[in-house]
Amino acid sequence: MSEPYVVGVDTGHTGALREADHLLRALAAELGLPADALGCTHHVRDGRRPHTALSFAVLSERAARAAWQRLTENGSGTPGDGPGPGSLLGAAFGEERHGPDELAAGAAHAAAEHGARTGGRAVLYPGAGAVTGVLTVGRLLEVSAVDRVTVLGSPEGVAPEAELVTRDHVRPEWRDGRLVLATMPAAGGTLVPFEVPDPTPCCADH
């Protein structure tokens, strides 16, 4: 499998994770990323205040370079009307940086975590659209990019036939090179994702 090309983006977002998810999807659409793109949110604790940055991984260097050019085409990262190109943002692609130093550093942090697969909460990933309703763990692993499912407080593996009530909100995270979904026990012997659909603001507890 080819290593992906990762672009990091930081707008200094300090709101709720659901808003970060919306921003990520809007940027992915505006940048014209391919359907197999993998987009993540990342906690950034350096700088003046904790916030959320984004990263996008694609298998095509051409697509990554096109996204980078779209993000940086304004040249100075001056404020605009929306979250896309023209807004105040930092970006990182390889050794290249764009925008205010603090935001560029946050973008580089996000890109580095995603590139190393050591951190990042996946919002866009192959198969995400199929992970809805109730399905078995085996089916989840079959149709999506999720590599592993864990249960909070349990060192044991999860049986493929175990039922997962997705609540239409499945956000796996990169851990040691694998995309892992943390779950917890629920009614009737089912599992639910550990992250609830409407979480508190991303930095409320940081």
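Note that the structure is predicted; figures quoted are calculated from it, not measured.
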Practice problem: Carefully, step by step, assess Phe194 and Thr150 under the rule side chain to side chain contact (heavy atoms under 4.5 Å, CB included). | Solution: CA-CA 10 Å; Phe194 178 70; Thr150 62; over 6 Å; no
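- Residue Leu71 holds its CG atom at 8.5 Å from CD of Glu30, rounded to the nearest 0.5 Å.
- Around atom CZ of Arg148, no more than 12 heavy atoms belonging to other residues, nucleotides or ligands sit under 6.0 Å away.
- When side chains are defined from C-beta on, His98 does not count as touching Glu73, because their heavy atoms never get closer than 4.5 Å.
- Classification of the His114-Trp174 ring pair by plane angle, with boundaries at 30° and 60°, yields tilted.
- Using a 3.5 Å distance cut-off with no hydrogens or angles, the side chains of Asp10 and His51 do pair a donor with an acceptor.
- Residues Thr11 and Leu103 form no side-chain contact, since every pair of their non-hydrogen atoms from C-beta on lies 4.5 Å or further apart.
- A donor-acceptor pair is defined here as one N or O able to donate and one able to accept, closer than 3.5 Å; no such pair exists between the side chain of His109 and the backbone of Gly8.
- In this structure, Asp147 contributes its side chain and Leu179 its backbone to a donor-acceptor pair below 3.5 Å.
- Atoms CG and CG, on Leu17 and Leu23 in that order, are 12.0 Å from each other to the nearest 0.5 Å.
- Residues Arg117 and Pro4 are in side-chain contact: their nearest non-hydrogen atoms beyond the backbone lie under 4.5 Å apart.
- Asp46 and Glu102 make their closest contact through O-OE2, 4.5 Å (heavy atoms, listed as atom of the first residue, atom of the second, distance).
- Of the residues His42, Glu195, Glu173, the one that meets the side chain to side chain donor-acceptor pair (under 3.5 Å) test with Arg121 is Glu195.
- Counting heavy atoms from C-beta outward, His13 and Thr41 have side chains that stay 4.5 Å or more apart.
- Taking the six-membered ring for Trp and thresholds of 30 and 60 degrees, Trp68 and Phe93 have ring planes inclined between 30 and 60 degrees apart.
- Put simply, Val146 and Leu38 are part of the same group of oily side chains (I, L, V, M, F, W, Y) that touch within less than 4.5 Å, one to the next.
- Leu24 and Val170 are assigned to two separate hydrophobic clusters, defined by single-linkage of ILVMFWY side chains at heavy-atom distances under 4.5 Å.
- Considering all non-hydrogen atoms of both residues, Ala64 and Val7 come closest at O-CG2, 3.9 Å.
- Rounded to the nearest 0.5 Å, atoms CG (Leu89) and CG (Leu27) are 7.5 Å apart.
- A donor-acceptor distance shorter than 3.5 angstrom exists from the side chain of Thr166 to the backbone of Gly133, with no hydrogens or angles considered.
- Note that the OG1 atom of Thr190 and the CE atom of Met184 stand 10.5 Å from one another [nearest 0.5 Å].
- The closest side-chain heavy-atom distance from Glu113 to Val44 is not below 4.5 Å.
- The number of heavy atoms from other shown groups lying within 6.0 Å of CZ (Arg49) does not exceed 12.
- Contact record, Leu140 with Ser144: O-OG, 2.8 Å, taken as the closest heavy-atom pair.
- Summarising the geometry of Ala162 relative to Leu191, their closest heavy-atom pair is CB-CD1, 4.3 Å, with the distance given to 0.1 Å.
- No more than 12 heavy atoms of other residues, nucleotides or ligands shown are found within 6.0 angstrom of CG on Asp176.
- The hydrophobic clustering, which links ILVMFWY residues whose side-chain heavy atoms are closer than 4.5 Å, places Val6 and Leu59 apart.
- Residues Val149 and Leu164 form no side-chain contact, since every pair of their non-hydrogen atoms from C-beta on lies 4.5 Å or further apart.
- In terms of heavy-atom proximity, Ala28 sits nearest to Leu124 at CB-CD1, 3.5 Å.
- Counting heavy atoms from C-beta on, the side chains of Pro193 and Arg171 never come closer than 4.5 Å.
- Tyr125 and Leu135 fall within the same hydrophobic cluster, defined by Ile, Leu, Val, Met, Phe, Trp and Tyr side-chain heavy atoms under 4.5 Å apart, directly or through other members.
- Proximity of Leu141 to Pro160: side-chain heavy atoms (C-beta onward) are nowhere separated by under 4.5 Å.
- Criterion: ILVMFWY side-chain heavy atoms under 4.5 Å apart, direct or through other members. Under it, Leu152 and Val158 are not part of a common hydrophobic cluster.
- Heavy atoms only, all atoms of each residue included: Leu33 and Ala67 are closest at CD2-CB, 3.9 Å.
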